[in-house]
Amino acid sequence: MIRKISGLFIVASAICASCASNSDATNPAVTWEILSPQDGNESKTICRLTVTGLDSISRLCFNQLPREKRVVSQGDSIVEICAGYYYLSAPEFGTPAENAVIEIEYDMPIRTDAFLPESFHAVTPGGRIIPVEATLTPLLDASIENKEWTNWITSADSIYRLNDRLISGKKPGPFDISPSFKKVTLTEGTFKSGSPVTTNSIRHENPEFYRITLTPEKALIEGASPRAITVAKRTLERRLLEPNGGEIPCAVIEDYPDYPYRALMIDIARNFYNPEQMRKIVGLMADYRLNTLHFHITDDEAWRLEIPGLPELTEVGARRGYTLDSKDFLPGVFNSDGNPDSKAGTANGYFSRDEFISFLKYCDSIGVSVIPEVESPGHARAAIMAMKAYERRTGDDTYRLTEPGDTSVYTSAQDYHDNLMNPALPGTYAFIAKVVDEIEAMYHEAGVSLPGIHLGGDEVPEGAWDGSPAAMKLAADKGVTGRHGLQGEFVKKVARIMRDRSIPMLGWQDIYTGYDDNYHPQVAPQVGGVNCWVSPLDPERNNAIKGVKAGYPVILSNVNYFYMDMLYAPHPEERGLYWGGCVDELKTLSGYPDMICPDQAGAKGEIIGVSGHLWGETLRSLEGAETLLFPKSIALAERAWNGKPTYSPEDFSMMIGEKELPRLKRLGVTAHMRAPGIKIENGKIHMNAPYPDAEIHYTLDGSKPTPSSPVYSSPIPVEECKADIRAIITKDGYQSVTSLLRK
């Protein structure tokens with residue numbers, strides 16, 4: 001669907017655009033800059049694009065996280081091909097004019113570089129896709145005079161106060177790791193790498209209990225299950241011996257998790273990570289004793305797993321480029337260069353069946369279970385478009401997911417208007433059954449137990465199915481009303497599909513919130529876990545409490561503690577979203593399950609675990625994903641393993657700085673570094689870092705500091721400052737964002 005933003009109204013049509021470069025045309029270039037807010041309105045932003053090489057341009061395409069926007073000049077136009085993918089037109093395009101200047105007004109402030117336009121490419125008059133060289137002004141410089149923006153970022157003096165507290169943490173010893181052990185008893189002597197390690201099975205009420213007994217001669221690992229022994233061996237080798245030079249004091253370690261479900265959700269639908277990259281992430285999960293990969297492989301923007309018999313799911317659903325009708329591939333939302341066959345970036349790609357089977361085997365070998373998520377009935381645009389292509393190719397409507405003639409009008413949370421499977425169509429359930437059967441077959445071939453399939457079930461918008469005759473008939477037949485009632489019928493039907501196959505069904509909290517006591521007995525027995533992502537501490541509104549009382553196994557997944565894709569802190573150079581607030585490793589560390597969902601007397605269900613979630617909208621590389629994951633997911637692992645208080649914030653931060661950051665660097669992992677603090681006191685500039693061995697590099701002339709800038713060693717007289725004070729931290733090869741104190 002195409003929506004007119006302003007200017008010309010463009011009718012959706014099939015435009016076949018060759019994606020080869022046009023060697024006969026001069027490649028265009030664009031510069032982007034942010035202008036100061038006009039008329040004192042700090043909540044609006046005016047941006048200016050200057051485009052050159054106009055003779056080769058028919059349309060200028062780009063990606064940008066959705067923001068309401070319009071062009072300032074009536075002669076220009078901006079069209080939203082789909083949420084996050086746009087093209088611009090201007091009268092100068094296709095002419096020999098020197099340049100075109102286009103101004104765009106946004107209804108909201110642009111606060112971080114993640115919200116800047118990106119992936120510029122152009123469509124030539126002949127329909128070719130050609131690259132566009134883009135130069136963008138970083139927001140740290142562009143927005144410094146914007147009062148709304150400067151009030152939003154974390155002040156450098158408040159960072160100073162926090163760093164001053166964090167630096168007081170205790171220096172960690174060899175057994176101070178995360179997740180922290182339940183019990184460590186030191187004994188005599190030293191255990192060295194290369195000494196014999198034997199294993200033994202023991203009985204324990206907790207199937208993940210293990211004991212490691214270290215003597216100068218050998219190590220004995222005892223575990224209540226094969227997986228417990230696998231975890232213990234990896235902990236000894238990778239978390240104790242390797243970081244300590246292969247030598248640690250002898251001790252007896254007794255350990256077990258408080259929760260059986262300790263997960264990380266990785267979204268590869270929005271932006272793709274290939275099997276090798278995912279193996280790296282899962283290996284790190286295993287290091288921190290996270291035992292479940294919630295694998296978000298489908299969504300509106302892509303379908304990332306080959307399903308035999310339904311080739312369009314990946315032929316259409318795993319490719320993104322310049323299209324106005326989504327018939328052959330999906331629109332190039334997020335990191336797309338317009339070419340659906342491009343191997344660069346993270347827009348295109350999928351796991352083949354063989355790759356997925358191999359991946360399952362690897363995950364199982366290191367103690368990580370994989371729960372794939374097949375989004376339904378919402379977040380399903382990729383599947384819907386793929387099944388339309390399947391029907392066009394085969395003439396078979398077995399897997400039809402939408403009703404012809406449905407006039408429903410709705411807008412999803414991600415600004416889609418055509419992303420809902422219809423709960424009244426047999427094709428919807430035939431499709432789900434087909435996908436479930438093929439996934440089950442992959443697990444069977446891998447020789448790996450299928451712990452469940454996550455069916456999504458979240459964010460079905462108001463207005464869903466109101467214009468569907470089939471849905472309205474179903475509602476009347478079942479005695480339900482509206483979007484919520486129809487979604488409940490969908491969930492019950494899918495639960496029966498899963499029950500018939502003895503496969504646990506997982507979902508988001510939407511599958512149980514708002515339903516009555518007649519509904520829950522039909523659904524809860526088949527549910528293996530429900531991710532509760534919004535649960536205010538008020539008991540009357542706490543969705544986690546409602547879930548356990550209704551008999552569901554609840555997984556705490558709260559956005560304000562466990563969404564890994566949230567910004568670490570308000571800052572233009574931080575990548576991530578902030579609709580759920582900012583989440584750093586200390587905030588995640590404070591997400592105590594007993595606080596989020598206190599014990600409920602007589603509850604039919606229980607809290608089975610904790611899950612962190614890395615949504616992919618702002619991510620453009622594996623390195624970007626790692627930065628949002630680490631060290632946040634280390635704190636996630638601490639809370640998932642130990643529900644009660646363990647480390648203080650000061651001790652945890654010190655452990656991260658002293659042990660985890662150096663280790664991650666050795667493993668080639670990109671991690672996040674906390675920022676330096678700056679304050680002016682008694683006529684002098686003071687700076688500090690949260691880690692004892694970090695270097696602070698600074699500038700006093702308003703320029704951006706680099707690792708070559710002067711190193712702070714003692715307070716600096718204020719009179720030496722010529723402009724804004726800026727500083728960064730470097731440590732172990734990592735670099736922080738820039739702290740800024742205006743003069």
Side-chain angles (χ1 to χ4, degrees), residues 34 43 45 63-67 84 106 108-118 136 138-144 146 148-156 158-159 162-163 166 264-267 270-271 334-335 413-414 533-534 557-591 612-636 649 653 656 661 670-677 690 726-729 734-740:
I34 187 171
S43 65
T45 305
N63 294 146
Q64 188 172 31
L65 294 179
R67 282 288 186 267
Y106 295 80
M108 297 178 67
I110 297 177
R111 288 173 165 165
T112 76
D113 288 344
F115 284 86
L116 297 182
E118 58 186 336
L136 283 71
L139 279 178
L140 187 64
D141 296 320
S143 299
I144 194 170
N146 184 334
E148 194 280 341
W149 179 87
T150 53
N151 288 340
W152 176 71
I153 65 173
T154 305
S155 65
S158 66
I159 298 174
L162 175 60
N163 287 349
L166 294 180
L264 190 60
M265 189 217 76
I266 303 295
D267 170 13
R270 273 55 178 267
N271 285 288
F334 302 127
N335 191 20
Q414 283 72 34
W533 58 281
V534 177
S557 310
N558 300 60
V559 58
N560 49 336
Y561 294 104
F562 305 127
Y563 268 38
M564 305 287 105
D565 61 304
M566 295 294 112
L567 289 174
Y568 277 89
H571 193 284
E573 294 173 336
E574 295 279 11
R575 194 145 193 115
L577 300 174
Y578 52 87
W579 62 268
C582 294
V583 178
D584 67 3
E585 64 272 24
L586 301 181
K587 186 65 181 293
T588 298
L589 186 72
S590 70
H613 300 261
L614 185 69
W615 300 102
E617 289 95 335
T618 67
L619 301 176
R620 305 293 178 262
S621 65
L622 176 64
E623 292 74 22
E626 291 173 349
T627 301
L628 283 173
L629 286 174
F630 298 100
K632 251 185 278 194
S633 59
I634 302 176
L636 168 74
S653 182
I656 293 293
L661 290 177
T670 306
H672 182 269
M673 174 76 63
R674 301 188 73 87
R726 303 186 185 212
I728 59 171
I729 288 176
Y734 296 122
Q735 179 177 315
S736 75
V737 299
T738 306
S739 290
L740 181 149

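For this chain, numbers begin at 1 and follow the sequence in order.
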Sub-4.5 Å side-chain heavy-atom contact between [X] and [Y]:
{"X": "M673", "Y": "L661", "result": "yes"}
{"X": "T45", "Y": "M108", "result": "no"}
{"X": "P117", "Y": "L136", "result": "yes"}
{"X": "T618", "Y": "T112", "result": "no"}
{"X": "L577", "Y": "L567", "result": "no"}
{"X": "P570", "Y": "C582", "result": "yes"}
{"X": "Q735", "Y": "I729", "result": "no"}

(message) My understanding is that only residues two or more places apart in sequence, or in another chain, count here; which of them pass ring-ring contact (aromatic ring centres under 6.0 Å, His included) with H571?
(response) none

Has [X] got a side-chain atom pairing as donor or acceptor with [Y]'s backbone, closer than 3.5 angstrom?
{"X": "D267", "Y": "R270", "value": "yes"}
{"X": "D113", "Y": "L139", "value": "yes"}
{"X": "T627", "Y": "E623", "value": "yes"}
{"X": "R620", "Y": "E617", "value": "yes"}

(request) Carefully, step by step, assess Y578 and W152 under the rule ring pair (Phe, Tyr, Trp, His ring centres under 6.0 Å). (result) CA-CA 12 Å; Y578 52 87; W152 176 71; 5.2 Å; yes

(request) Using the side chain to side chain contact (heavy atoms under 4.5 Å, CB included) rule, take I728 and S739 through it: C-alpha gap first, then chi angles, then the decisive distance, then the call. (result) CA-CA 6 Å; I728 59 171; S739 290; over 6 Å; no

(request) Could you list the residues that satisfy side chain to side chain contact (heavy atoms under 4.5 Å, CB included) with N560, not counting sequence neighbours? (result) N558, K587

(request) Check L628, L629, L636 against K632 for a side-chain contact (heavy atoms from CB on, under 4.5 Å) and give me the one that passes. (result) L628

Straight-line distance of [X] [atom1] to [Y] [atom2], nearest 0.5 Å:
{"X": "S736", "Y": "E573", "atom1": "OG", "atom2": "CD", "answer": "8.5 Å"}
{"X": "N271", "Y": "L622", "atom1": "CG", "atom2": "CG", "answer": "12.0 Å"}
{"X": "L162", "Y": "D584", "atom1": "CG", "atom2": "CG", "answer": "8.0 Å"}
{"X": "S633", "Y": "H613", "atom1": "OG", "atom2": "NE2", "answer": "13.0 Å"}
{"X": "M566", "Y": "L614", "atom1": "CE", "atom2": "CG", "answer": "10.0 Å"}
{"X": "F562", "Y": "W533", "atom1": "CZ", "atom2": "CH2", "answer": "15.5 Å"}

Kindly give the heavy-atom pair with the smallest separation between [X] and [Y], and that separation in Å.
{"X": "P572", "Y": "I153", "value": "CD-CG2, 3.8 Å"}
{"X": "L589", "Y": "P649", "value": "CD2-CA, 4.2 Å"}
{"X": "N163", "Y": "P690", "value": "OD1-CB, 3.6 Å"}
{"X": "A675", "Y": "I159", "value": "O-CG2, 3.5 Å"}

(request) Give the intermediate values and the outcome of side chain to side chain contact (heavy atoms under 4.5 Å, CB included) for residues Y106 and F115. (result) CA-CA 11 Å; Y106 295 80; F115 284 86; over 6 Å; no

(request) Start with the C-alpha gap between W579 and V559, add the side-chain angles, then the distance that decides, and say whether side chain to side chain contact (heavy atoms under 4.5 Å, CB included) holds. (result) CA-CA 9 Å; W579 62 268; V559 58; 3.6 Å; yes

(message) Under the criterion salt bridge (Lys or Arg N to Asp or Glu O under 4.0 Å), I'd like the reasoning laid out for R674 against E574: C-alpha separation, chi angles, the key distance, then a yes or no.
(response) CA-CA 11 Å; R674 301 188 73 87; E574 295 279 11; over 6 Å; no

(message) With a 4.0 Å cut-off on N to O distance, would you call R575 and E118 a salt bridge?
(response) yes

(request) Would you please test Y568 and E585 for side chain to side chain contact (heavy atoms under 4.5 Å, CB included) and show each step? (result) CA-CA 8 Å; Y568 277 89; E585 64 272 24; 3.5 Å; yes

